[in-house]
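Since the structure comes first, as structure tokens, the remarks are kept for the end.
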There are 2 protein chains.
Amino acid sequence: MAQTFLRKLRHGAHLTQENENVLIALTRPVRSLAAREDVSIEGEPRGHLTLIVEGWACHYTTLENGKRQIVSLYLPGDLCEPFGILPRFMTNAIAAITPVTIAQLRHDTMRRTAQASPRIEEALWWDLLTSFAIEREHLISLGRRTATERLGHLFCELHLRLENIGLVDDELSYDMPVTQADLGDLLGLSLVHVNRSLQELRATRLMSLRGRRLTIHNLRGLRELSLFDESYLQRVTSPSRHQPHAEIGEPA
Amino acid sequence: MAQTFLRKLRHGAHLTQENENVLIALTRPVRSLAAREDVSIEGEPRGHLTLIVEGWACHYTTLENGKRQIVSLYLPGDLCEPFGILPRFMTNAIAAITPVTIAQLRHDTMRRTAQASPRIEEALWWDLLTSFAIEREHLISLGRRTATERLGHLFCELHLRLENIGLVDDELSYDMPVTQADLGDLLGLSLVHVNRSLQELRATRLMSLRGRRLTIHNLRGLRELSLFDESYLQRVTSPSRHQPHAEIGEPA
DNA sequence: CGCGGGCATTTACTTATGATAATGACCGAG
DNA sequence: CTCGGTCATTATCATAAGTAAATGCCCGCG
């Protein structure tokens, strides 16, 4: 159930089997959502965090003039809110992109658990800081990358994030269910220009996108074109399980 | 020394006098930097956080093609790194905009302190999440606001952030030492276009900028024009000191 | 089988923004 | 005072991106 979450964490944290069991125990029952449905229950006190179990979702804002900006894309295994969240913080405007199933993690339990185990705490920090780094890189795209570069960069990022959780086939092909209109709202472009740039990108033969399937033909080439440097994703280890032993007393 | 930091925290957290003393005690000696100088000592193990005591700084990235994007602006009282940071995280590319003095907070001591006092922990979370919210709003600007709106929005934001720390005169005028070239790198615009848009903004008579002095003539008008909604800054309380009493056992 | 809806694709046109380069204003150092 | 540096301003030209609107494609549903 929270398997994908753990799988992702293994790329940046060292958790024992015991740690993982604790995290799994925190996971509360699952809820399903239709595509385009909003995740949040408006005004709910929100004593829990949202974990994407399956499907894609996003965090967005709508400005007064009606323009929409997607701030963040959430894949399976992603937490939609910071684990140290304060009660009133972060108005939720999270919407499902595909049909989605979510799980919920009780926030107070979560923090108690983090205090009790330095390893878990560190894993949660790694996850949080990584997701901030992703948003930051997104900001850089919007500020200083061209339309084509933005698209390419996104596809390179998704490639790694999906690979982390085993959703890439043959190391180069994955499902990309985001609509061109949504790509526009994500990358700060108009629908039409997304279409144009997508074609330009296909014309380079570095990648292709047909139906909902994205295939990378030349990873290095695509990364160069997109000014992509993977270091911001903070993948430190291969996804190996750590040998369980006693935890050290202090967070590193 | 850390007074500005505390002053800012009072807008979102409830600290006792005792709490504040503890935070002050954490603050390590101060260092000075010339304008344009980089803050970070490359490769240093970084066992501490950087606190801006005086002056303005920024966090930036330079892409392979030479383009530069400023990700975040740091004012007095701002922490340049998340308090729960992992050792290697967050490559530092922080530069002084004006002459700057910084202080350093020992990272391990910081976390121990947070664990010991729920109020301090909550204050630090408030600060961290607020600075993320600011970056997120910045992202929205880059994606969906026009050049003029971006500039206006920035000036509205600075107005509040500076007011929090008492750096606004008569509630409408403050020092704005950021160069037009830097504004471009911050807002994803070219130098020339910043200049153009600045004039357009002045022409509205909603605000003016001469020398390094920014004056807002019509706050409501400027906010409307910029699609500015202050709620993301999470100012909850007037800057009143909380009456000191025993802390509650659990973080809220 | 045919209709409607969601999504992708084009076309034609407008506009915001970028690139280059020259000029002016200001200011501190010698 | 004057030279050089930094920053602001202007002008000209080039282009990326937006807007509007029509068309095509696919697919599920009745």
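First the proteins, then the strands, lettered A, B, ... as listed; each starts at 1. Please read all numbers here as calculations on a predicted model, not as lab measurements.
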Original post:
Using 30° and 60° as the class limits, which term best fits the ring planes of B/His153 and B/Tyr232: parallel, tilted or perpendicular?
Top reply: parallel
**OP:** Take A/Leu33 and A/Thr101 through the test side chain to side chain contact (heavy atoms under 4.5 Å, CB included) and record every step on the way to the result.
**Re:** CA-CA 6 Å; A/Leu33 297 130; A/Thr101 66; over 6 Å; no
Subject >> Residue list, side-chain contact (heavy atoms from CB on, under 4.5 Å) with A/Ser197, at least two apart or on another chain >> reply: A/Ala147, A/Thr148, A/Leu151, A/His193
**OP:** Nearest whole angstrom, please: distance from the P of C/dA19 to the CG of B/Asn195.
**Re:** 16 Å
**OP:** Nearest whole angstrom, please: distance from the C1' of C/dG24 to the CD of B/Gln199.
**Re:** 14 Å
Original post:
Looking only at side chains, do B/Ser173 and B/Arg213 share a donor and an acceptor under 3.5 Å apart?
Top reply: yes
**OP:** Any chance you could list the contact pattern along nucleotides 11-30 of chain D? Use B for base contacts, S for sugar-phosphate-only contacts and - for none, protein heavy atoms under 4.0 Å, 5' to 3'.
**Re:** BB----BBBB----------
**OP:** Answer yes or no: is there an ion pair linking A/Asp78 with A/Lys8, defined by an N-O contact shorter than 4.0 Å?
**Re:** yes
Original post:
How long is the span from the CG atom in A/Leu201 to the CG atom in A/Leu222, to the nearest 0.5 Å?
Top reply: 6.0 Å
Original post:
Roughly, in whole Å, what's the span from CG in B/Asp182 to C1' in D/dA8?
Top reply: 14 Å
Original post:
What is the distance from CG of B/Asn65 to C1' of C/dG18, rounded to the nearest Å?
Top reply: 14 Å
Subject >> Between the first and last five pairs of the helix from C/dC1-D/dG30 to C/dG30-D/dC1, the angle of the axes, rounded to 10 degrees >> reply: 30°
Subject >> Distance, rounded to the nearest Å, where A/Leu198 contributes CG and C/dT9 contributes C1' >> reply: 11 Å
Subject >> N/O (side chain, B/Arg212) to phosphate O (OP1/OP2, C/dC27) under 4.0 Å >> reply: no
**OP:** Given side chain to side chain contact (heavy atoms under 4.5 Å, CB included), test B/Tyr174 with B/Leu158 step by step and report yes or no.
**Re:** CA-CA 9 Å; B/Tyr174 56 85; B/Leu158 289 174; 3.6 Å; yes
Original post:
With no hydrogens and no angle check, do the side chains of A/Asp38 and A/Tyr60 hold a donor and an acceptor under 3.5 Å apart?
Top reply: yes
